[in-house]
Structure formats: C-alpha cells, structure tokens
Amino acid sequence: MVDEATRKSLSGIPLLKTKAGPRDKELWVQRLKEEFQALIKYVETNKQQDNDWFRLESNKEGTRWFGKCWYIQDLLKYEFDVEFDIPVTYPTTAPEIALPELDGKTAKMYRGGKICLTDHFKPLWARNVPKFGIAHAMALGLGPWLAVEVPDLIQKGIVVYKEK
C-alpha cells in the first residue's frame, strides 16, 4: 500500500509512544514532547534531502497548530496557510488539516478548506494509534494531497503564482 519513497520518508519519523490527548493533563505534556521531537526530526530529514515544504507552530497548549506549507512547480513556490486543531479524542482521531485559502477550489476538500483524507490516510492512521502523530499526518496526509491536488489546480488556472 505504501510506496518505497513514502516508506523511506516514514522511516525517518520517530514513532510515538504516549497515548494521550488534550484532556489527559500530564500525559498530554509527554505526548507533546514526543510530537515536537518527531516534527523536528522530520523537518531535519526533509532539509537534508532538499525537501523542505512546511513550517508549523502551535499555541501554548499544543491544541491549535498553524503555519505555512508550499509546493514548488516550474521553479515557482506556491505557498499556503495551513491550520488544524487537535481533536479531543486525539490520537485515536487524526487531525483535520485545513488550507483555508483553497476552500471550495477542489472536490477533494471539505468545508473550511479541510483536505480530504478519508479514503487513504484515515484507515492507515487508525491502524497505527498511538504511534502516528502530527509529523505522520503531514508526511502521509498533507504531503501527498499537495502533490496531487496543487499541480491540477495550477494547470486549471485555479491557483496562480503570486509574486512576493
């Protein structure tokens, strides 16, 4: 089900151990430490492989995440805001990642710009609770979604390059 490139990318992301969500006070702090360690490792690996494609930060509680993601095509960088909340039933329930500025521009998106991960990502997430975390959601959810949807949106003229 997972191709070799994805498997290689995943092998660089540490698996998480603590099964805790935002309601699990002390355990949530431990889970957040694991989340940050996995994200840092994933970003470092991406940079080493010249595949840097997102930045994330969170609120103090670690329940609201936001940042930027980008896709490069024909040497042009298409940048998008990314945001998501951690569900109260996390990590059993995966976060719903949103790209608000693309809301309504593709069929593979729900209201509010939430990307469609139902068919491919959510079953994989469910089989890997609590080992998967935010870094895995980016690698297996948002990354492949961007790779498929953004070129199509560019080709259709729905997404256009913006000069900085």
Side-chain angles (χ1 to χ4, degrees), residues 1-72 77-103 109-110 112-150:
M1 182 177 150
V2 177
D3 68 0
E4 197 52 44
T6 305
R7 194 179 310 280
K8 188 175 191 293
S9 171
L10 273 181
S11 69
I13 305 173
L15 295 175
L16 288 72
K17 296 174 182 69
T18 307
K19 186 174 182 179
R23 293 187 285 195
D24 302 311
K25 305 289 179 222
E26 288 80 32
L27 281 176
W28 177 239
V29 173
Q30 177 58 38
R31 175 71 184 209
L32 274 177
K33 286 179 186 174
E34 292 175 21
E35 293 281 3
F36 278 112
Q37 289 169 342
L39 274 166
I40 289 166
K41 179 71 176 140
Y42 182 47
V43 169
E44 285 173 351
T45 302
N46 283 345
K47 284 183 177 184
Q48 289 167 358
Q49 297 172 353
D50 197 26
N51 187 28
D52 189 28
W53 62 275
F54 72 91
R55 290 285 171 275
L56 277 180
E57 56 185 289
S58 75
N59 65 0
K60 187 171 60 95
E61 299 80 23
T63 55
R64 177 133 184 82
W65 292 76
F66 47 90
K68 297 276 186 194
C69 64
W70 51 89
Y71 183 84
I72 297 174
K77 183 177 180 181
Y78 297 84
E79 193 171 86
F80 309 99
D81 290 330
V82 60
E83 61 185 40
F84 57 91
D85 293 324
I86 297 296
V88 292
T89 53
Y90 188 83
T92 304
T93 305
E96 293 183 321
I97 301 169
L99 304 174
E101 64 207 90
L102 296 181
D103 188 17
M109 186 168 270
Y110 301 115
K114 292 180 177 157
I115 66 172
C116 177
L117 297 172
T118 316
D119 294 341
H120 304 289
F121 176 68
K122 296 233 170 133
L124 187 60
W125 179 277
R127 286 194 304 272
N128 287 281
V129 171
K131 298 177 283 196
F132 277 8
I134 294 165
H136 298 89
M138 298 301 280
L140 295 170
L142 183 58
W145 190 92
L146 285 172
V148 169
E149 290 301 308
V150 173

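Here the structure is a predicted model, which is why all the values come from computation and not from measurement.
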| Got a second to check how far K68's NZ is from E83's CD, nearest 0.5 Å? | 10.5 Å
| query | Would one find more than 12 heavy atoms of other residues, nucleotides or ligands at under 6.0 Å from atom NZ of K114? | reply | no
| request: Find out whether L140 and F132 are in side-chain contact, i.e. whether some heavy atom of one side chain is under 4.5 Å from a heavy atom of the other. | output: yes
| task | State, with a plain yes or no, whether a side-chain heavy atom of E61 is found less than 4.5 Å away from one of L32. | result | no
| field | Sub-4.5 Å side-chain heavy-atom contact between I97 and W145 | value | no
| Euclidean distance, W53 CH2 relative to K77 NZ, rounded to 0.5 Å | 13.0 Å
| query | Would a 4.5 Å heavy-atom cut-off, applied to side chains only, mark H136 and N128 as touching? | reply | no
| message | Contact between E149 and Y71 at the side-chain level, heavy atoms closer than 4.5 Å - yes or no? | response | no
| remark: All heavy atoms of T63 vs all of N59, minimum pair found to be N-OD1, 2.9 Å
| task | Specify the closest pair of heavy atoms between P130 and P91, including all atoms of both residues, with the distance to one decimal. | result | CB-CG, 4.0 Å
| remark: Taken to the nearest 0.5 Å, the spacing of Q49 CD from E44 CD works out to 12.0 Å
| note | Minimal heavy-atom distance between A137 and F121, with the atoms involved, is CA-CZ, 3.6 Å
| From I115 CD1 over to M109 CE, what is the distance, rounded to the nearest 0.5 angstrom? | 7.0 Å
| query | If you measure from CZ on R31 to OH on Y90, what distance do you get to the nearest 0.5 Å? | reply | 4.5 Å
| query | Which atom names give the shortest non-hydrogen contact between G112 and A98, and what distance separates them? | reply | O-CB, 3.8 Å
| said: Looking at every heavy atom in both L99 and C69, which two are closest together, and how far apart are they? | reply: CD2-SG, 3.6 Å
| side-chain contact (heavy atoms from CB on, under 4.5 Å) assessment of E79 paired with E101 | CA-CA 10 Å; E79 193 171 86; E101 64 207 90; over 6 Å; no
| 4.5 Å side-chain heavy-atom contact, I86 and I134 | yes
| note | Partner of F54 under ring-ring contact (aromatic ring centres under 6.0 Å, His included), picked from Y42, W65, F66, is Y42
| Checking side-chain contact (heavy atoms from CB on, under 4.5 Å) for the pair F80/V150: CA distance, chi angles, key distance, verdict? | CA-CA 10 Å; F80 309 99; V150 173; 3.9 Å; yes
Using a 3.5 Å cut-off and no angle test, enumerate the donor-acceptor pairs between side-chain atoms of residues 10-24 and protein atoms at least two apart in sequence or in another chain.
from	atom 1	to	atom 2	distance (Å)
S11	OG	K8	O	2.6
T18	OG1	E34	OE2	2.5
D24	OD2	G21	N	2.8

| Close side-chain approach of S58 to E35, heavy-atom, < 4.5 Å | no
| query | If we only count heavy atoms from C-beta on, is the F84 to L142 side-chain gap below 4.5 Å? | reply | no
| said: Strictly distance-based, threshold 3.5 Å: is any side-chain N or O of W70 a donor or acceptor partner for the main-chain N or O of D52? | reply: yes
